[in-house]
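Computation of the quantities below employed the complete heavy-atom set of this structure, encompassing side-chain atoms and omitting hydrogens, waters and symmetry-equivalent molecules. When a ligand or atom number is given, it counts from 1 through the structure's own listing order. Quick caveat: nothing in here was measured; it's all calculated off a predicted structure.
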Amino acid sequence: MSLLDYFDVSSLPLLAVALALALMLMINSIITSINRRRKLPPGPWGLPIVGYLPFINDDSYLFFDRLAKKYGPVFSLRLGQHDVVVICDWEHLKLAFADESLLARPLSTFKPGDVPSFMEMSGDIWREHRRLSLHILRDVGFGKSAMENLITKEINQFLPTLEGRNVDFIKKVQPSVANIISSFLFGKASDYSDPLKIQLDTNVERVAQALRFASLQAFLPWMIKILAFFGFTNFEKFKKGIAAIESVIQKHVDDHVAKDKDSHEIVDYIDGYLQEHERRKIKGEDDNMFNLHILRRNATVFFGAGSETITSTLSWGMMFLAARPEYQEKIRDEISEVIGYERDPNYTDRNQMPFTMAFLYEVQRTGSVIATNLLRRATSDTKIGNFFIPKEATVVFNLWSIHREEKLWPDPERFDPNRFLTDNGTKAFKPPYLVPFSSGKRNCPGESLANVELFLYTVSILQRYRIKPEKIDSDLLSEAVYGIARRPKHLPPLTFEKFKP
Ligand code: HEM
């Protein structure tokens with residue numbers, strides 16, 4: 001029996017037409033794809049449907065950095081259904097930061113199926129939420145002296161918990177850092193043993209480890225369900241973690257709704273948002289883009305962004321201090337000269353502590369905790385230098401590559417605070433290409449809070465303790481684990497020994 005016997009011969013012309021049509025469609029799609037590729041920056045070809053996703057065999061920032069060495073500092077690749085343009089050098093990144101058509105985020109959300117938080121929004125609605133969120137936070141003390149007082153109070157509660165041997169620094173510092181952002185969002189810090197706080201903090205950790213940038217979540221959301229069913233992705237862990245975080249945040253929102261019925265005082269972000277929501281309701285404005293679901297999501301991203309990043313940066317700092325005791329001594333010399341051992345440090349002390357600032361800049365450069373920025377989307381065709389970026393392309397700013405660019409940072413793998421010192425070491429200088437917080441109109445809104453926290457935590461710890469590693473392997477200092485933020489892979493247990501001046 002031949003293959004033709006399976007077909008009704010009378011339907012052959014129809015079959016031939018169908019095959020011809022399919023062939024034409026395929027050729028057309030190949031030609032369109034070639035034309036599209038020719039306009040895009042150079043880059044590797046991928047497979048149909050999945051694109052280059054299956055070939056990403058390392059942390060995305062390292063993988064992109066390697067591709068940049070082969071295809072150039074601005075290159076493109078197909079990931080799932082998306083054209084992705086990756087920018088890996090300062091010359092082009094500074095143009096991208098200033099480009100108004102690269103301010104949007106991709107259309108998919110971190111939490112599939114839910115309303116977007118302002119971190120995930122684009123266009124006017126993002127602008128409005130960002131402006132309002134920062135306005136409320138400023139009203140409740142963000143960026144003012146009240147913020148410094150709050151941080152100092154929290155640090156004084158945290159410091160005694162460090163004393164001793166075999167300390168897991170991340171486990172100790174994360175709940176303390178989280179308390180600071182909690183004060184702005186929920187109006188209060190919590191006791192470290194509060195069960196709701198523990199639920200929140202441990203699940204933020206869980207989600208941070210489970211979320212990976214170049215994951216299917218971002219580029220092939222439909223495939224994730226199939227793979228999750230077979231246990232191939234960490235998506236279920238991620239979903240459970242988010243649900244646990246949001247149930248605590250929702251409780252804070254519910255408590256505020258009940259409380260705000262009697263009191264109109266604005267103590268924190270939730271109060272401010274609820275008041276604005278009420279104002280809009282009275283004016284009869286559309287509830288679609290300004291409602292309590294978005295409040296829950298905004299508070300969630302503020303909480304996660306405000307605790308994970310700072311915890312990770314501090315943990316890089318502790319590792320370099322533990323590995324290089326001479327840096328502890330240099331910072332302590334500045335503490336002795338400028339602050340002494342009787343009073344708490346304040347943020348203006350930094351102006352007289354150049355080495356301390358240079359150390360913190362170097363920690364941020366080498367740590368690059370948000371290594372690939374948060375994804376952007378082109379809202380119109382645009383050009384970055386000579387490179388064309390088409391409307392709807394996803395754009396990645398590889399901050400890690402900028403922080404390793406040989407032209408800007410000689411011997412970039414070497415940890416060396418001196419690169420930020422000028423005038424014989426009497427001044428610290430922050431160059432524009434140190435961009436841990438990104439830059440431009442969509443930069444990190446938490447930068448000022450982060451800078452104050454990084455300075456006050458580091459100086460307060462060194463004012464009280466000598467840090468010693470239990471055991472440290474200097475060859476492994478630069479290795480990292482990468483979830484939502486890059487962290488040292490080999491931060492050893494530490495000894496915090498009370499320091500006697
Ligand atoms: C060392 C600490 C931190 C680092 C390195 C960091 C870094 C970043 C980066 C690279 C972005 C992406 C910006 C872009 O798309 O261009 C970002 C966005 C963001 N960060 Fe931070 N961040 C830090 C601390 C904080 C803190 C303390 C908060 C909370 C107050 C915060 C809240 C946010 C929010 C809400 C966004 C999204 C902004 C938007 O989409 O408009 N971050 N951060």
Next on the checklist: Distance under 4.0 Å to a non-hydrogen atom of L374: what atoms of ligand 1 satisfy this?
Outcome noted: 12 (C), 18 (C)
Item to check | CZ-CD1 distance between F302 and I181, expressed to the nearest 0.5 angstrom | outcome: 6.5 Å
Checklist outcome for this item: Here the atoms of ligand 1 under 4.0 Å from any heavy atom belonging to I370 are 7 (C), 10 (C)
Item to check | Non-hydrogen atom of F97 closer than 4.0 Å to ligand 1 | outcome: no
Item to check | For atom 39 (C) of ligand 1, the protein heavy atom that lies nearest, with its residue and separation | outcome: R442 NE, 3.4 Å
Next on the checklist: Just to be sure I'm reading this right: ignoring hydrogens, which of P445, C444, A450 gets closest to atom 8 (C) of ligand 1? Compare them by their nearest heavy atoms.
Outcome noted: C444
Item to check | Residues D255 and K251 bridged, charged N to O under 4.0 Å | outcome: yes
Checklist entry - Would D201 and K197 pass as an ion pair if we require N to O under 4.0 Å? => result yes
Checklist entry - Short list, please: which atoms of ligand 1 are under 4.0 Å from a heavy atom of I310? => result 2 (C), 27 (C)
Checklist entry - Between F455 and R350, is there a cation-pi geometry (under 6.0 Å to ring centre, at most 45° from the normal)? => result no
Checklist entry - Rounded to the nearest 0.5 Å, how far apart are CD of Q174 and OG of S315? => result 11.0 Å
Next on the checklist: For R487, is there an ion pair with E308 - N to carboxylate O distance below 4.0 angstrom?
Outcome noted: yes
Next on the checklist: With a heavy-atom distance limit of 4.0 Å, tell me whether V301 approaches ligand 1 through its side chain, its backbone, both, or neither.
Outcome noted: neither
Checklist entry - Is there a donor-acceptor contact under 3.5 Å linking the side chains of Q250 and D254? => result yes
Item to check | Which residue and heavy atom of the protein sit nearest atom 24 (C) of ligand 1, plus the separation | outcome: T309 OG1, 3.2 Å
Next on the checklist: Please verify the inter-ring angle class for F496 with Y465; under 30° counts as parallel, over 60° as perpendicular, anything in between as tilted.
Outcome noted: perpendicular
Item to check | For F302, the ligand 1 atoms whose distance to one of its heavy atoms is below 4.0 Å | outcome: 29 (C), 30 (C), 35 (C)
Item to check | Non-hydrogen atoms of Y457 and I151 that approach each other most closely | outcome: CE1-CG2, 4.4 Å
Next on the checklist: Just to confirm my output: which protein heavy-atom neighbour is closest to atom 32 (C) of ligand 1, and how far is it?
Outcome noted: A305 CB, 3.5 Å
Next on the checklist: With ring-ring contact (aromatic ring centres under 6.0 Å, His included) as the criterion, how do F415 and F359 come out once you've worked through the C-alpha distance, each side chain's angles and the decisive distance to 0.1 Å?
Outcome noted: CA-CA 9 Å; F415 183 90; F359 172 81; 5.7 Å; yes
Checklist entry - Short list, please: which atoms of ligand 1 are under 4.0 Å from a heavy atom of P436? => result 5 (C), 7 (C), 10 (C)
Next on the checklist: Between ligand 1 and M121, can you find any atom pair, the residue atom being a heavy atom, that is separated by under 4.0 Å?
Outcome noted: no
Checklist entry - With a 3.5 Å cut-off and no angle check, do the side chains of T152 and D344 form a donor-acceptor pair? => result no
Checklist entry - Any idea which part of R105 is under 4.0 Å from ligand 1, heavy-atom wise: side chain, backbone, both or neither? => result side chain
Checklist entry - Given S438, G306, G367, which one has a non-hydrogen atom that is nearest to atom 26 (C) of ligand 1? => result G306
Checklist entry - Side chains of E120 and S117: do they bring a donor and an acceptor to under 3.5 Å? => result yes
Next on the checklist: At less than 4.0 angstrom from any non-hydrogen atom of I181, what atoms of ligand 1 do you find?
Outcome noted: 29 (C), 30 (C)
Checklist entry - Which atoms of ligand 1 have any heavy atom of N373 under 4.0 Å away? => result 10 (C), 12 (C), 13 (C), 14 (C), 15 (O), 16 (O)
Next on the checklist: Any nitrogen or oxygen of T313 lying under 3.5 Å from a nitrogen or oxygen in ligand 1? Just yes or no.
Outcome noted: no
Next on the checklist: Need the ligand 1 atom indices (1-based, order shown) with element for anything under 4.0 Å from a heavy-atom of V369.
Outcome noted: 5 (C)
Next on the checklist: Does the Lys NZ or Arg CZ of R105 fall within the cation-pi geometry relative to W126 - under 6.0 Å from the ring centre and within 45° of the axis?
Outcome noted: no
Checklist entry - Any nitrogen or oxygen of R376, main chain or side chain, under 3.5 Å from a nitrogen or oxygen of ligand 1? => result yes
Checklist entry - Quick one: does F118 get within less than 4.0 Å of ligand 1, heavy atoms only? => result yes
Checklist outcome for this item: In terms of its nearest heavy atom to atom 28 (C) of ligand 1, the top option of G446, G440, A485 is G446
Next on the checklist: Looking only at the side chains, is there a donor atom on one of S368 and Y61 sitting less than 3.5 Å from an acceptor on the other?
Outcome noted: no
Item to check | Proximity of R130 to ligand 1 by residue part, where a heavy atom lies under 4.0 Å | outcome: side chain
Next on the checklist: Counting non-hydrogen protein atoms only, what is the nearest one to atom 37 (C) of ligand 1? Give residue, atom name and distance.
Outcome noted: M119 CG, 3.5 Å
Checklist entry - With backbone taken as N, CA, C and O and side chain as the heavy atoms from C-beta onward, which portion of W126 lies under 4.0 Å from ligand 1: side chain, backbone, both, or neither? => result side chain
